[in-house]
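What you see below is based on every heavy atom in this structure, not just the backbone, and it leaves out hydrogens, waters and symmetry mates. A quick note: this is a predicted structure, and the numbers were derived from the prediction, not measured.
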Amino acid sequence: RHRVVARCRLRVPHGAPALRLRVGYWPPELADPGASITAEVLALHDGGSETLLEVPLPIVPMESPELLRSFPPEHSVDLSHLAGREITLVLRSTRQGRVQRNPFAYKSFSLMWIEPRIE
């Protein structure tokens with residue numbers, strides 16, 4: 001199991017704010033059967049934490065061409081209950097199973113947070 005975490009502190013705007021983003025990954029050359037990666041978005045506030053989004057993704061090796069042609073769907077998370085509050089937004093990925101990149105690849109395997117924004 002491998003976990004990567006990014007945090008950012010922000011004040012949620014008033015009105016009807018929403019966090020919009022896509023999650024995906026560039027497929028590895030090889031992956032253990034059953035390997036997966038889970039994208040989680042959490043909000044830390046008032047001494048507690050709240051899971052806002054959890055997206056489990058099976059890891060499919062490079063040989064799966066339909067994965068390369070598809071664009072991940074956009075997720076929208078309602079933040080109106082946090083409007084006006086200061087929070088720490090946590091983007092966390094947890095990988096289960098092993099993956100192997102081509103040794104000539106310029107990047108290692110990781111989850112991609114695509115176009116995250118608060119509207």
May I ask whether Val4 and Leu89 are part of the same hydrophobic cluster, defined by side-chain heavy atoms of I, L, V, M, F, W, Y residues being less than 4.5 angstrom apart, directly or through others? no
Side-chain H-bond candidate by donor/acceptor type, His45 with Arg85, under 3.5 Å: yes
Please report the closest heavy-atom contact between Ile114 and Phe71, naming both atoms and the distance. CG2-CZ, 4.4 Å
Going by atom types alone, do Thr88 and Arg7 pair a side-chain donor with an acceptor below 3.5 Å? no
If you round to the nearest 0.5 Å, how far is OG of Ser110 from NE2 of His2? 9.0 Å
Working to the nearest 0.5 angstrom, can you tell me the gap between Ile118 CD1 and Leu79 CG? 5.5 Å
Could you grab the distance from atom CD of Glu74 to atom CZ of Arg22, nearest 0.5 Å is fine? 5.0 Å
If hydrophobic clusters are built from ILVMFWY residues whose side chains come within less than 4.5 Å, do Leu42 and Val55 share one? no
Do Leu44 and Leu91 land in one hydrophobic cluster if side-chain heavy atoms of ILVMFWY residues count as linked below 4.5 Å? no
Considering non-hydrogen atoms only, spot the tightest contact between Ser80 and Gly15 and give its length. CB-O, 4.3 Å
Set of salt bridge (Lys or Arg N to Asp or Glu O under 4.0 Å) partners for Arg11, sequence neighbours left out: Glu86
For Thr94, check side chain to side chain donor-acceptor pair (under 3.5 Å) against everything at least two apart and list the hits. Arg3
Check for me, please, whether Val90 and Val77 land in the same ILVMFWY cluster - side-chain distances under 4.5 Å, paths through other members count. no
Side chain proximity check, Glu50 to Leu82, heavy atoms < 4.5 angstrom: yes
Considering all heavy atoms of both residues, which atom of Gly84 and which atom of His14 are nearest to each other, and what is their separation? CA-CE1, 3.5 Å
How many angstroms lie between OG in Ser49 and CD1 in Ile87, if you round to the nearest 0.5 Å? 11.5 Å
Distance, nearest 0.5 Å, that separates NE2 of His75 from CZ of Arg20: 12.5 Å
So do Val23 and Pro72 actually touch side chain to side chain, heavy atoms under 4.5 Å? no
Hey, could you give me the CG/CG distance between Asp78 and Leu52, rounded to the nearest 0.5 Å? 9.5 Å
Do Pro27 and Ile59 come close enough that some side-chain heavy atom pair is under 4.5 Å? no
For a quick test of reading the model, state the closest non-hydrogen atom pair linking Val60 to Tyr25 and the distance between them. N-OH, 2.8 Å
Counting only pairs under 3.5 Å, give me each side-chain donor-acceptor contact of residues 33-41, with atom names and distances, residues two or more places apart or in other chains.
residue, atom, partner, partner atom, Å
Glu40, OE1, Arg92, NE, 3.0
Glu40, OE1, Arg92, NH2, 3.3
Glu40, OE2, Arg92, NH2, 3.3

Main-chain N/O of Arg98 paired with Asp32 side-chain donor or acceptor, under 3.5 Å: yes
